[in-house]
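To start, the structure itself, in structure tokens.
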Amino acid sequence: MTSATTTMNAALPAEHREQLMRVAREVSFEAGTRLFEEGRRADRFWIVRTGTVALDLHVPGRRPVVIESLGQGELVGWSWHFPPHVWHLGADAMSPVRAWEFDAGTVRAMCAEDPEFGRAIAVWVGRVVAQRLHASRIRLLDLYAPYGSGGLS
């Protein structure tokens with residue numbers, strides 16, 4: 001699964017994209033801005049319009065490890081969708097970023113009110129989680145596994 005299959009435009013039908021975009025708010029971040037921190041409350045999410053966001057993972061005794069870089073059309077943040085709504089990763093703006101921001105509570109309420117919309121959002125977020133898990137595994141094997149032990153099966 002590539003990031004091209006998990007962008008909002010590829011993952012959501014037009015009617016659900018339009019429904020979601022009704023609650024979007026335009027925001028921007030300067031390069032170096034920390035969007036969220038692993039372990040903190042996940043109360044919003046973003047879709048990148050321009051720029052790059054790096055997702056990182058805390059590794060005890062080391063600097064955070066960059067797992068994946070996200071660009072145009074990609075979802076930044078999935079932890080808002082699953083209780084206990086706490087970030088599983090961290091994120092930094094690697095360049096100036098323009099994005100659409102969404103209030104997690106509002107979108108969760110929309111999902112509860114419209115099961116078809118909710119299912120589309122859940123499938124999209126699930127695909128993103130699967131992709132990020134795969135990217136995390138590959139990155140951590142690249143960094144920490146003994147040579148030759150990282151075969152993916």
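The shown structure was predicted, so the numbers you read here are calculated from the model rather than taken from an experiment.
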Can you sort out the partners of [X] under side-chain hydrogen bond (donor to acceptor under 3.5 Å, both in side chains), two or more places apart, ordered by chain and number?
X	value
Thr52	none
Ser95	none
Arg49	Glu26
His16	none

Looking at residues at least two apart in the chain, or sitting in another chain, which of them share a side chain to side chain contact (heavy atoms under 4.5 Å, CB included) with Ala31?
->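 Partners of Ala31 under the side chain to side chain contact (heavy atoms under 4.5 Å, CB included) test: Pro96.
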Quick one: list whatever passes side chain to side chain contact (heavy atoms under 4.5 Å, CB included) with Arg40, sequence neighbours left out.
->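 Listed in chain order: Glu37, Trp87.
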Side chain to side chain donor-acceptor pair (under 3.5 Å): which pairs involve residues 100-112, sequence neighbours left out?
-> Arg25-Glu101, Arg44-Glu101, Trp46-Glu101, Asp103-Thr106
side-chain contact (heavy atoms from CB on, under 4.5 Å) with Asp56: which of Arg34, Arg63, Glu68?
-> Arg34
Within-4.5 Å side-chain heavy-atom neighbours: Val123 and Leu12 =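 No, side chains not in contact.
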Kindly indicate whether the side chain of Met8, heavy atoms from C-beta on, has any atom under 4.5 Å from the side chain of Leu20.
->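 In short, these two side chains touch, coming nearer than 4.5 Å.
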Nearest 0.5 Å, what's the CD-CD distance between Gln19 and Glu116?
-> 9.0 Å
Partners of Trp80 by ring pair (Phe, Tyr, Trp, His ring centres under 6.0 Å), sequence neighbours excluded?
->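 Checked Trp80 against ring pair (Phe, Tyr, Trp, His ring centres under 6.0 Å); matches are Phe45.
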Residues two or more places apart in sequence or in another chain: which of them pass salt bridge (charged side-chain N to carboxylate O under 4.0 Å, His left out) with [X]?
X	answer
Arg17	none
Glu15	none
Asp114	none

